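Here the structure comes first, spelled out in structure tokens, and everything after it is commentary.
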Amino acid sequence: HHNNEIAQSEAATGKRPLSRFWLHRAHVQLEGAKIAKSEGNVVYLSDIIERGFHPLALRYLYLGANYRTASNFSWEALEASQNAFLKLRRYIDSLREVQAGVPPQEYRKRWHERLNDDLDTPGALAMLWELLRDEKEISKEELKGGLLDIDRVLGLGLDKEDRNAEALWAKLFGALVEEDAIPERVKNLLDAREAARKESNWQHADSLRKEIEMLGYTVEDTPAGARLFRR
């Protein structure tokens, strides 16, 4: 079984050996039941794509569980993983004009510790989001460098243009509104929200976000500033 998969992988990539390590993850269940092709209890990647999911959303889902633990596939869990993956894609897209710098050494050390601890991919994912939420003085260059550094292992394709992901994001969350196309009322609300955030008045900032959402827009905070999407 595994010899066959190694042969296929090496033939497809031309790399021999493809890897020095070969790990077998614990069984994946489907909606809490054992996957059995003979019983028709199986989902193919083509099924996932036909339902409008990005293939890398499935990778994100599997990264959320350690390979030694059983994982349960469900369409609800895949949807949550796709939302997280697409938010991550949009975040890196907001840094497209930024040159990647040296990854923050504190984070680089910590996520290497996670990966070296029996390939703790859930811990590595958590570190990635912790980096994005860090309020410390981390430059946009360092932030982008950090995201691309950890993605060398996670393999979510953050260093590549992805039209499919962009289309899915627009479908799920709305289309990006350019600054010169923002209505004056919404622009005033955005400016007031930004002022509230600078004063750490999070309750007022949150109420302003909700007011903007009631007008049919979604606000996304990025290192380059707030971006607006029209649903």
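Please read these numbers as outputs of a predicted model, since none were measured by experiment.
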Do [X] and [Y] belong together in a cluster built from hydrophobic side chains that touch within less than 4.5 Å?
X	Y	answer
L18	I6	no
Y107	V102	no
L154	L23	yes

Is any side-chain heavy atom of [Y] closer than 4.5 Å to one of [X]?
X	Y	result
L176	R227	yes
S71	F73	no
Y91	L143	yes
L132	L88	yes
K15	E10	no
L45	P55	yes
R59	F85	no
L172	Q82	yes

**Study point:** Verdict with supporting geometry, I138 and L131, side chain to side chain contact (heavy atoms under 4.5 Å, CB included)
**Key:** CA-CA 9 Å; I138 297 178; L131 170 63; 3.9 Å; yes

In Å and rounded to the nearest 0.5 Å, what is the [atom1] to [atom2] distance from [X] to [Y]?
X	Y	atom1	atom2	result
L189	I182	CG	CD1	11.0 Å
E213	K210	CD	NZ	8.5 Å
K187	E184	NZ	CD	9.5 Å
S94	K140	OG	NZ	9.0 Å
L125	M127	CG	CE	11.5 Å
L86	D162	CG	CG	9.0 Å

Flag, side chain of [X] to backbone of [Y], donor-acceptor distance under 3.5 Å:
X	Y	answer
K144	L95	yes
Q105	P103	yes
R96	D93	yes
D117	D120	no
R114	L119	no
S81	A77	yes
N66	T121	no
E199	A196	no
D47	Y44	yes

Taking all heavy atoms of [X] and all of [Y], pick out the closest pair and write down the distance.
X	Y	value
A124	L115	CB-CD2, 3.9 Å
L158	R89	CA-NH1, 3.7 Å
L56	G155	CD2-O, 3.8 Å
Y62	R25	O-NH1, 3.9 Å
P104	G146	CD-CA, 4.1 Å
D151	D159	OD2-N, 4.3 Å

Revision key, fill the gap. Only one of N201, D206, D221, N188 passes side chain to side chain donor-acceptor pair (under 3.5 Å) with R193, and that residue is D221

Review point. Hey, mind stepping through E113 and R110 against salt bridge (charged side-chain N to carboxylate O under 4.0 Å, His left out) and telling me if it holds?
Key: CA-CA 5 Å; E113 288 174 351; R110 289 170 61 193; over 6 Å; no

Check your understanding: How far apart are the C-alpha atoms of E220 and R90, what are their side-chain angles, what is the distance that settles it, and do they pass the side chain to side chain contact (heavy atoms under 4.5 Å, CB included) test?
Key -> CA-CA 9 Å; E220 180 188 40; R90 293 304 302 182; 3.4 Å; yes

**Study point:** Residue pair D149 / W111, side-chain donor-acceptor N/O under 3.5 Å
**Key:**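 Short answer, yes.
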
Exercise for review: Using the ring of W75 (Phe, Tyr or Trp, six-membered ring only), decide whether R51 places NZ or CZ under 6.0 Å from its centre and within 45 degrees of its axis.
Suggested key: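 Yes.
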
Exercise for review: Evaluate side chain to side chain contact (heavy atoms under 4.5 Å, CB included) for H54 paired with Y60, printing each intermediate quantity in order.
Suggested key: CA-CA 10 Å; H54 196 290; Y60 191 101; over 6 Å; no

Check your understanding: Relative to each other, are the rings of F229 and W169 parallel, tilted or perpendicular (30° and 60° limits)?
Key ->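 The arrangement is perpendicular - the two ring planes meet at more than 60°.
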
Point to revise | Derivation of the side chain to side chain contact (heavy atoms under 4.5 Å, CB included) call for L58 and F53 | key: CA-CA 8 Å; L58 182 63; F53 289 96; over 6 Å; no

